[in-house]
**Student:** 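My structure is below; once you've seen it, I'll send some questions.
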Amino acid sequence: MPAATVTQLLKDQKTDPELISVINVITACCQEIAEQLRLGALTGILGATVETNVQGETQKQLDVIANDILKEKLLALPLIAGIASEEEDLPVAGNKDGRFLVLFDPLDGSSNIDVNVSVGTIFSILEVPEGCHGGEEKAYLQSGRKQLAAGYALYGPAATLTLSTGKGVQQFSLDNQGSFLLTQAEMSIPQDTKEFAINMSNQRFWQPQMQAYIGELVAGKDGSRGKNFNMRWIASMVADVHRVLTRGGIFTYPWDNRDADKPGKLRLMYEGNPMSFLVEQAGGLATTCFGNILDIQPQKIHQRVSVALGSKNEIEVLLQAHQTAADSQ
Ligand code: P6P
């Protein structure tokens, strides 16, 4: 029996046909982005532009190309009321009678492109609230619990699509005819782990309880945990989170003590929320260390969030470290 396509899987799950149409457009965009990436060096589209985005980050040519592919194809769909992107200062209105809002990071981890390390596309789908339209920021300021679907494409040794509409997490692989075919029907995060992902060079900026927790992981058998841990850091959230979804672990980009208004580097609406949706659907936890990420009521479309997500039992150890610190204050 041939492996199911995205459409077949979603139909089997009795997904709203209009939501299937939106996901199919996103999937087609990811296929096109995968092709652009594969040929990048040959077509001269690697490297940076002279522009910076709203985040103050230098835009790679492929950031702009991926963003334009998603923006153009989604806004051409009458079902789309609007889009919001890491690469767009403001939301872009679509059809005034449209039903869906799509938020995306078109090429997450793009600093890795020029060194041929995995990057990805992250997306989140919301319904436009009654009385709102897709050109206004307030339409998008919904908690992560309101997501109808979320997922990412990972452009790695294989191009894969990981997706959830709230009925578990499924993974698809891109075949050589340009179709994503089902390769994992039910992704589930192991509850325990010996692997953690963090950028250790920021250690001096973490809160004391995070420094203590990570210190015990680094201490391994010689510390209170009594077992050795491994560290991984790809500096591409999609790749690090995909490893966690596949074999467990924790991924964290913690609170930064330097700026109370900038609680972390990652963006809530198109990184934190979609990834947290997937992680919870796969049996893991996703927290700021002070509350569930999916419960946050957003205030700004590009607002940042501190993130710790992954294996349930390990996240609970981290949360206990924060609770103990709070109790001692
Ligand atoms: P650092 C990529 O720029 C990104 O937004 C995530 O994909 C990744 O996890 C993180 O930033 C890497 O940040 O500070 O290690 O370069």
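Read the numbers this way: they start at 1 and go in the same order the structure lists the ligands and their atoms. We're numbering straight along the sequence, starting at 1.
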**Student:** Centre-to-centre under 6.0 Å for W233 and F196, is that the case here?
**Tutor:**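 No, they do not, as the ring centres are separated by 6.0 Å or more.
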**Student:** Are N273 and S124 linked by a side-chain donor-acceptor pair shorter than 3.5 Å?
**Tutor:** no
**Student:** Transitive ILVMFWY cluster of F205 at side-chain heavy atoms under 4.5 Å: who else is in it?
**Tutor:** none
**Student:** If the criterion is any heavy atom closer than 4.0 Å to an atom of ligand 1, which residues make the list?
**Tutor:**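 If the criterion is a heavy atom under 4.0 Å, then ligand 1 touches D108, G109, N199, W233, A235, S236, M237, F251, Y253, K265, L266, R267, E271.
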**Student:** Going by salt bridge (charged side-chain N to carboxylate O under 4.0 Å, His left out), name the residues that satisfy it together with E186, two or more places apart in sequence or in a different chain.
**Tutor:**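 With neighbours one apart ignored, the set is empty.
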**Student:** Listing request: all ring pair (Phe, Tyr, Trp, His ring centres under 6.0 Å) pairs with a residue in residues 282-318, at least two apart in sequence or in separate chains.
**Tutor:**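 Output for this query lists W255-F290, Y270-H302, F290-H322.
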**Student:** Charged N to carboxylate O under 4.0 angstrom, R225 versus E314?
**Tutor:** yes
